[in-house]
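Computed from a predicted structure; not experimentally measured. All values below come from the heavy atoms of this structure, side chains included, with hydrogens, waters and symmetry mates left out. Residue numbers start from 1 in every chain, and the chains themselves are labelled A, B, ... in the order their sequence lines are given, proteins ahead of strands.
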Amino acid sequence: MSDDSQFCITTRDLSLWYAKFQALKQVNLNIRQGLITSLIGPSGCGKTTLLRCFNRVNERCGYVTTTGEIRILDKNIYDPDVSLISLRKAIGMVFQRPNPLPISVYENVVFGLRIHSEGGVKKSELDAAVEVALTEVGLWTDLKDRLNDKAVGLQLEQQQKLCIARLLPLKPEIILMDEPCSALDVDGTRAIEELMFSLKGRYTMVIVTHNMMQARRSSDECIFMLMGEVVEHSRTEELFLTPKNAKTAEYIEGRYG
Amino acid sequence: MNSTERSTSSAVPRFVETEFVRKKQRAEWIARGFFAFMAASIVVPLLLILGYIIVHGAPAISWEFLTENPRSGGAKGGIWAAIVGTIYIVAISLAVSAPIGVLAAVYLNEYAKENWFNRVVNLAVVNLAGVPSIVHGLFGVGAFVYFANFNQGRKSILAAALTLAVMTLPVIIASTKEALAAVPRSFREACWNVGATRWQTIWKIVLPNSISGILTGVILQVSRTAGETAPVMLTGVATWKSLQDSGWFLYHPIKDQCMALSMHLYYVATQANNVPEAVPYAIATVLVGLVLLVNATAIGFRVYLRSRKKW
Ligand SMILES: Nc1ncnc2c1ncn2[C@@H]1O[C@H](COP(=O)(O)OP(=O)(O)OP(=O)(O)O)[C@@H](O)[C@H]1O
Ligand SMILES: [Mg+2]
């Protein structure tokens, strides 16, 4: 465990139950800092569940029990002194369906800043944050004159980019994405992938995808899950070219999905 | 190639209406007509009721009827004292039940987890809604007239209003919960995932997007409170009050009983002598008119708020 520091997320024997149903079984993972890690596996294997463990939103349902340990940046997030609010500020999440808030583009981007600031932020700071965040996701030129438009009226691709931009002013360590492209068309998908590429290095990204090609194109490491267990975790090329497990081989060849 | 092959090989004509299809089609029309008739039939009683009371009541309605106090046991004068009494009771009861109901619903819908306490609360809400109004009245007598004792053991407007507040509370809770639940969960998740507290989520996103539904639910309770007779008769409404003045401040909300439209309607229709035949209908028309006015305002308001929100 000498190079622990380069791991951003580590789990130890992580198990999770929805009431009696065990959705995650003894998951042990080391996710590297600054890289894009993709999470693949058939429907219902627990990808979303695992992702939602990392910012502890699963606990919103009263009937969820979790055992094991999740260390993020070497801090066990189940420690009693961990504040969910600070945790979620540091770990952003992007959803399958773009979910901009029903307020203006501008307010969407500064929403995080507003709710985390004590006694208000200066208008100039907010303006700057909006420009930086929208530039970073490539929306600034398109939207700089429409900042007061309702965000829910944008095109889906723009909405999804906005959902990513919404996280950036909070300077998150990790961005979790749950099938971020599945509601988008080919161009939208490409745009989001390019965006992920440009954010690489600064943020650790974990992306759930059903699209094998996407996992291959965009991720550095890849995790294959089946029935709540991690079957294989290695560098993406390795996993796709020389899978160690027979199940992985079958899945990436498309024998089941 | 393939397609020409297929179309020539099938000797049977395609896509035509067979006898069996026609039969199904007929059944479809009959079913549809039947259901439509049933749907239309609910409009009939409404129109009949409205038409009947308005036709019978209209001759008695005049400016004096609306603005003068009743005289000679209801046989002469107007119904001003009853209009004001109804407004007092409705306003006070909603002023109490709306905030409590809305806040309780916010708790139940936004904060409460699945545990025995919240299950008990939900059960109480459902069952409270099913208690007959006369029973609420009896409870009001015990709780507000005698126990809380606002007016030396006598009926009072406050007691009546509180009784009605208890009665409307579960309905307001239910309608508010429904309005809150209509706000997509994805909005809440978006908030939580940038670290917003529940309260920030509620205040910034959930309430602004459900306020029209919440208000509609509350305002619809106006009609219910305005029409109730039994519970207010027991707790704060008098059949008769001789009043000299005719302004808005006829009653003291705690020390007085008041007249009310529903009670006055019952009284002139069954107890009083020499009342012109049109008067009960006129009172009913005013009561329905007031309620429709409030509902129309609510609908207008809702349409306005709807037009501003989009998702
Ligand atoms: N809130 C919940 N309550 C109960 N069971 C759940 C809940 N969420 C997920 N599950 C169950 O847990 C298992 C894993 O679900 P999860 O959503 O993590 O799968 P997934 O890999 O993300 O699937 P998909 O690819 O379809 O998104 C499934 O069998 C699902 O039925
Ligand atoms: Mg999923």
Side-chain angles (χ1 to χ4, degrees), chain A residues 19 51-52 54-64 83-104 107-117 149-154 159 162-172 174-178, chain B residues 105-123 177-216 301-311:
Chain A
L51 209 61
R52 293 164 72 96
F54 298 149
N55 61 358
R56 291 181 60 184
V57 277
N58 278 328
E59 299 160 35
R60 291 273 174 188
C61 312
Y63 52 90
V64 172
S83 138
L84 287 185
I85 288 164
S86 320
L87 178 71
R88 291 186 188 137
K89 189 179 158 195
I91 304 175
M93 188 148 186
V94 178
F95 296 82
Q96 188 166 357
R97 284 215 57 84
N99 61 346
L101 292 166
I103 44 184
S104 69
E107 285 301 321
N108 259 282
V109 180
V110 300
F111 187 81
L113 286 181
R114 281 203 202 280
I115 59 172
H116 287 290
S117 82
D149 284 14
K150 285 256 177 194
V152 282
L154 300 177
Q159 289 188 13
L162 181 65
C163 289
I164 298 172
R166 181 170 63 196
L167 307 173
L168 303 182
L170 294 176
K171 313 234 174 316
I174 301 170
I175 299 179
L176 308 170
M177 305 194 190
D178 194 352
Chain B
V106 167
Y107 173 76
L108 290 174
N109 201 63
E110 303 295 319
Y111 288 94
K113 285 194 177 156
E114 187 59 22
N115 61 25
W116 69 267
F117 171 74
N118 296 308
R119 241 171 286 158
V120 168
V121 173
N122 277 316
L123 207 64
K177 268 172 76 179
E178 207 172 297
L180 293 172
V183 176
R185 193 183 155 77
S186 67
F187 291 168
R188 295 184 180 84
E189 292 197 328
C191 291
W192 298 339
N193 277 293
V194 290
T197 59
R198 295 229 166 185
W199 169 241
Q200 287 173 320
T201 308
I202 293 166
W203 183 246
K204 298 206 168 218
I205 299 296
V206 178
L207 283 182
N209 286 289
S210 55
I211 191 71
S212 68
I214 293 174
L215 286 178
T216 312
F301 191 62
R302 188 190 173 103
V303 168
Y304 166 73
L305 287 174
R306 272 270 177 76
S307 69
R308 299 197 325 163
K309 91 175 176 196
K310 282 196 221 88
W311 68 66

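- For chain B, the nearby part of Ile91(A) is the backbone; its heavy atoms alone come within less than 4.5 Å.
- Looking at Arg198(B), the atoms closer than 4.5 Å to chain A (heavy atoms on both sides) all sit in the side chain, from C-beta outward.
- At distances below 3.5 Å, not a single donor-acceptor pair connects side-chain atoms of Asn193(B) with backbone N or O atoms of Met93(A).
- Chain B forms more heavy-atom pairs under 4.5 Å with one residue of His116(A), Arg166(A), Arg97(A), Lys89(A) than with any other, namely His116(A).
- Looking at heavy atoms from C-beta onward, Glu189(B) lies in side-chain contact with Arg52(A) at the 4.5 angstrom threshold.
- No part of Leu84(A) comes within reach of chain B, as not one of its non-hydrogen atoms sits under 4.5 angstrom from that chain.
- In terms of heavy-atom proximity, Lys204(B) sits nearest to Phe111(A) at CD-CE1, 3.9 Å.
- For the pair Gly195(B) and Ile85(A), the tightest heavy-atom approach, listed with the atom from each and the gap, is O-CG2, 3.3 Å.
- Of all the heavy atoms in Leu101(A) and Cys191(B), the pair that sits closest is CD2-SG, 3.8 Å.
- Only the backbone of Pro100(A) comes within less than 4.5 Å of a heavy atom in chain B; its side chain stays farther off.
- In Glu178(B), the CD atom is not crowded: 12 or fewer heavy atoms of neighbouring residues, nucleotides or ligands sit closer than 6.0 Å.
- With chain B as the partner, the residue from Ile115(A), Val94(A), Asn99(A), Ile103(A) showing the most heavy-atom pairs under 4.5 Å is Ile115(A).
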